[in-house]
Amino acid sequence: MHWADHAALSLSENGKLQVCASGITPSGEFHIGHIREILTAEMIHRACLDLGLESKYIFIVDSMDPLRRVYDFLSPSYEKYIGTPLAFIPAPGPDGEPDNSGGSYAEYFLNPFLNSLKKIGVTPEIIMNHETYEDGKFSEKIDSAILNKDKIRNIIEEISGRELPDNWFPYSPIGSDGSMDGVEVTSYEKPYVYWKDRLGIEGKSNIMKAEGKLPWRIDWAARWGIHQITSEPAGKDHGSSGGSYDTGIPICRLLGSDPPKKMVYEWIQLKGMGPMSSSKGVTIGPVEALNLVPPEILRYVIARSKVNRHIDFDTGSTLFETADEYERLLSDMSANEERGLNRRQRIAKETNLGALKFSQIYRGDDPFKSLGGVSFRHLSLLAQIKNRDEDVWTSLRKSNHIRIGPNKILIERLSRMRNWIDGPHFPEKSKIIIHRVACDEAIEFIDEQKKSFLTELKSKLNDCEWSENGINNLIRMISKNSNITTKDCYVALYWLILGKNNGPRIASIMSELDKDKVILLIESLP
RNA sequence: GGGCCUGUAGCUUAGUCAGGUAGAGCGACGGGCUUUUAACCCGUCGGCCGCGGGUUCGAAUCCCGUCAGGCCCGCCA
């Protein structure tokens with residue numbers, strides 16, 4: 001059984017109404033790590049629906065969270081906004097300076113992300129957390145938290161092992177300059193929290209409005225109750241023992257609600273570069289990823305991996321393999337029957353089918369409709385050899401990958417493949433590099449006999465039709481009349497042109513090159 | 001210091017929750033496609049399931065220990 005179906009099944013024991021949630025702080029660029037947060041919850045939501053439960057999926061934007069520090073991509077003028085909720089800070093303009101015409105900081109980073117989510121078929125109910133505060137929905141929880149201040153303090157200190165300062169208070173009011181930093185609470189009289197800020201100015205915050213917020217650990221526990229959340233997978237940072245999940249559960253109960261069951265997902269890492277971090281520049285954005293691979297493949301990256309296993313993401317060969325695995329699974333699924341499968345194979349097949357199901361952009365779509373019929377590896381080859389799309393289709397027709405014209409899926413794949421190849425993420429290993437002069441290995445491999453074959457070939461090139469077939473026929477003809485095997489003739493050409501001992505059909509590569517270039521290349525042999 | 005994840009064929013890994021003869025892909029090798037391939041099809045090779053112990057008729061799977069790698073524990077998915 002797929003993990004999402006399994007999660008849904010265990011949720012179903014607690015009732016028919018399910019609310020699956022994700023929460024992200026929009027403090028900077030979103031990256032594919034956030035995609036895991038989103039998709040883990042969204043797939044469980046879909047699984048609930050598949051099971052016949054009533055379920056909704058909400059995405060809570062932590063717009064009330066304060067700016068923690070001035071990130072590298074921000075201008076130093078953001079210094080004054082540290083401690084201010086992201087919803088109340090102007091977005092950075094093109095120069096990194098605060099720009100009042102560009103909406104809020106939170107929206108600035110959120111909107112492109114929502115766009116990408118739409119492309120992968122995720123359409124959550126979006127809740128801006130600062131609006132929940134503005135609407136007074138937090139007020140009861142805030143009141144309750146303040147009244148239970150000592151109990152909450154105990155929970156946090158005991159479970160997290162952290163020691164809270166003496167002046168700690170379970171509510172952070174916003175001071176006169178908009179920041180929550182250095183604001184000390186002096187007293188509480190519902191609905192007002194009285195305070196003195198770091199400038200020495202005194203004031204009060206109404207807990208019915210967005211004039212302050214609960215600290216993170218309490219905020220999280222409170223919203224579980226406010227939104228009736230039954231499932232919220234959290235990143236491993238919240239999941240380690242003593243982390244915010246562990247303190248959230250008893251705090252949520254203390255505030256009068258049932259918490260969701262703890263579920264922790266592992267992080268996505270960029271292969272060889274450790275965990276993703278926007279501030280360190282170790283990141284790949286969803287927009288970037290979607291320029292390379294189709295949305296169903298991006299979903300599949302998440303769907304195929306168990307929640308508690310980390311994912312090594314890289315835009316090189318791993319992504320190729322994952323994409324090809326998707327294609328292969330699809331064709332295998334239609335082929336073999338249930339019979340003759342033992343228990344393990346049945347489970348594996350069932351799980352794989354689940355992964356395919358959750359990879360579809362729209363729930364209920366037939367996975368087989370997303371079958372391209374050509375491996376990504378092969379497509380990358382053709383895309384590099386053939387400059388014109390039409391030639392790619394011709395080649396695919398010849399190899400029986402497609403019958404008539406390419407379908408929409410394939411056309412989109414080729415266009416993405418060209419992006420991939422032209423961009424910085426395409427793996428070196430898969431690149432086809434045309435040599436301009438013979439490399440050392442080529443010179444070593446090409447002995448006198450092979451050289452005379454090439455010389456002969458060169459002299460006939462001008463008479464031959466400059467097409468894949470014409471060139472290939474010429475190669476075959478000359479090789480037959482030479483003393484070496486056909487295979488050696490081809491290998492010599494591979495070494496000469498690509499610097500490797502094999503490759504895609506050499507005639508098709510040559511036909512895309514200028515004749516003069518080929519001639520110069522042969523002449524570059526000593 | 002506390003905790004999590006991982007260790008299975010050359011590489012990537014499934015199978016671990018519900019113990020019952022180790023599966024797959026890539027690579028390599030061989031063959032086919034009377035045209036070469038990193039296409040396509042068929043086949044072969046390849047695993048003391050990190051190591052040691054225990055439970056069991058039976059362990060990759062459960063338990064204990066141990067080694068190695070990665071990660072989290074101020075904010076970060």
Side-chain angles (χ1 to χ4, degrees), chain A residues 1 3 6 10 22-25 27-28 30-41 62 65-69 71 160-162 216 233-244 246 264-269 271-272 274-280 304-312 317-318 320-322 324-325 328-329 332 341-349 351-352 374-375 377-382 384-385 395-396 398-401 429-430 432 468-469 471-473 475-477 479-480 485-491 493-494 498 500-509:
Chain A
M1 189 181 285
W3 55 259
H6 188 267
S10 83
S22 300
I24 301 178
T25 308
S27 57
F30 285 82
H31 51 65
I32 51 160
H34 297 109
I35 294 279
R36 187 170 207 183
E37 161 86 26
I38 296 287
L39 285 180
T40 305
D62 288 318
D65 282 18
L67 183 70
R68 306 280 178 195
R69 61 188 175 81
Y71 303 104
S160 79
R162 195 177 333 171
W216 159 244
K236 62 145 88 184
D237 49 335
H238 300 307
S240 23
S241 89
S244 40
D246 286 353
V264 177
Y265 62 86
E266 263 281 342
W267 283 12
I268 294 181
Q269 321 211 18
K271 216 167 188 179
M276 231 165 294
S277 159
S278 313
S279 51
K280 288 179 203 150
R304 72 189 284 277
S305 306
K306 281 185 293 197
V307 172
N308 62 1
R309 290 185 78 136
H310 83 255
I311 295 176
D312 270 327
S317 49
T318 311
F320 261 114
E321 273 151 35
T322 307
D324 283 345
E325 179 182 284
R328 184 161 28 80
L329 269 184
D332 284 359
L341 295 181
N342 63 29
R343 179 175 152 272
R344 281 180 201 158
Q345 289 169 317
R346 249 194 352 265
I347 290 173
K349 185 173 176 178
T351 308
N352 286 337
V374 183
S375 77
R377 204 176 295 275
H378 187 49
L379 194 61
S380 85
L381 215 72
L382 295 178
Q384 290 181 82
I385 299 167
S395 172
L396 286 175
K398 264 172 72 180
S399 57
N400 275 327
H401 282 93
K429 245 176 55 189
S430 308
I432 295 175
E468 183 175 339
N469 262 335
I471 297 171
N472 201 43
N473 289 337
I475 296 174
R476 289 183 49 71
M477 194 191 79
S479 76
K480 266 187 196 154
T485 63
T486 306
K487 184 165 185 172
D488 273 351
C489 292
Y490 278 101
V491 175
L493 281 167
Y494 282 119
L498 300 179
K500 304 180 195 178
N501 70 346
N502 61 8
R505 290 169 185 264
I506 199 70
S508 95
I509 294 178

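In this text, all values refer to a predicted model and were calculated from it rather than measured experimentally. Reckoned from all heavy atoms, side chains included, excluding hydrogens, waters and symmetry mates. Throughout, a chain's letter reflects where its sequence line sits, starting with A, and its residues are numbered from 1.
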Handout entry: Contact under 4.0 Å: S375(A) side-chain N or O vs A39(B) OP1/OP2
Key =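 So the side chain of S375(A) is outside the cut-off, no N or O lying under 4.0 Å from OP1 or OP2 of A39(B).
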For the [atom1] atoms, the ones on [N] and on [M], what distance do you get once it is rounded to whole angstrom?
N      : M      : atom1 : result
G50(B) : A39(B) : C1'   : 39 Å
G47(B) : G23(B) : C1'   : 12 Å
G69(B) : C26(B) : C1'   : 23 Å
G19(B) : U56(B) : C1'   : 9 Å
C72(B) : C62(B) : P     : 26 Å
U55(B) : U8(B)  : C1'   : 23 Å
U16(B) : G7(B)  : P     : 12 Å
A24(B) : U44(B) : P     : 10 Å

When the distance from [atom1] of [X] to [atom2] of [N] is rounded to whole Å, what number comes out?
X       : N      : atom1 : atom2 : answer
D237(A) : C75(B) : CG    : P     : 9 Å
K236(A) : U6(B)  : NZ    : C1'   : 10 Å
N308(A) : U16(B) : CG    : C1'   : 11 Å
I385(A) : A39(B) : CD1   : C1'   : 10 Å
K306(A) : U13(B) : NZ    : P     : 12 Å
F30(A)  : A77(B) : CZ    : C1'   : 10 Å
R309(A) : C17(B) : CZ    : P     : 14 Å
I311(A) : U12(B) : CD1   : C1'   : 14 Å

Problem - Near-parallel close stack of Y265(A) and A77(B) base (under 5.5 Å, under 30°) - result: no
Exercise for the section: Name the residue closer to the 5' end of RNA chain B, choosing between H238(A) and E325(A) according to the nucleotide with the nearest heavy atom. Expected result: E325(A)
Practice task
Between R162(A) and E266(A), just flag the one whose closest nucleotide in RNA chain B comes earlier from the 5' side.
Solution key: E266(A)
Problem - Reported CZ-to-CD distance for the pair R36(A) and E266(A), which is rounded to 0.5 angstrom - result: 7.0 Å
Problem - Nearest-0.5 Å distance that lies between atom OG in S395(A) and atom NE2 in H401(A) - result: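 Spacing of OG (S395(A)) from NE2 (H401(A)) equals 8.5 Å.
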Fill in the blank from the handout: Exactly one candidate in K306(A), H310(A), E37(A), R309(A) meets side-chain hydrogen bond (donor to acceptor under 3.5 Å, both in side chains) with Y265(A); the answer is E37(A)
For [N], which nucleotide in any strand shown is its Watson-Crick or wobble partner with both distances under 3.5 Å?
N      : answer
G1(B)  : C73(B)
A38(B) : none
U44(B) : A28(B)

Exercise for the section: Using a 4.0 Å heavy-atom cut-off across all strands, classify R36(A) as base, sugar-phosphate, or nothing. Expected result: nothing
Practice task
Output the single nucleotide from A77(B), C40(B), U35(B) whose closest atom is nearest the side chain of I268(A).
Solution key: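 That would be A77(B).
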Handout entry: Per H34(A) side chain, nearest of listed nucleotides A38(B), A77(B), A24(B)
Key = A77(B)
Contact check, side chains of [X] and [Y], non-hydrogen atoms, under 4.5 Å:
X       : Y       : answer
N308(A) : V264(A) : no
S380(A) : I432(A) : no
I32(A)  : I311(A) : no

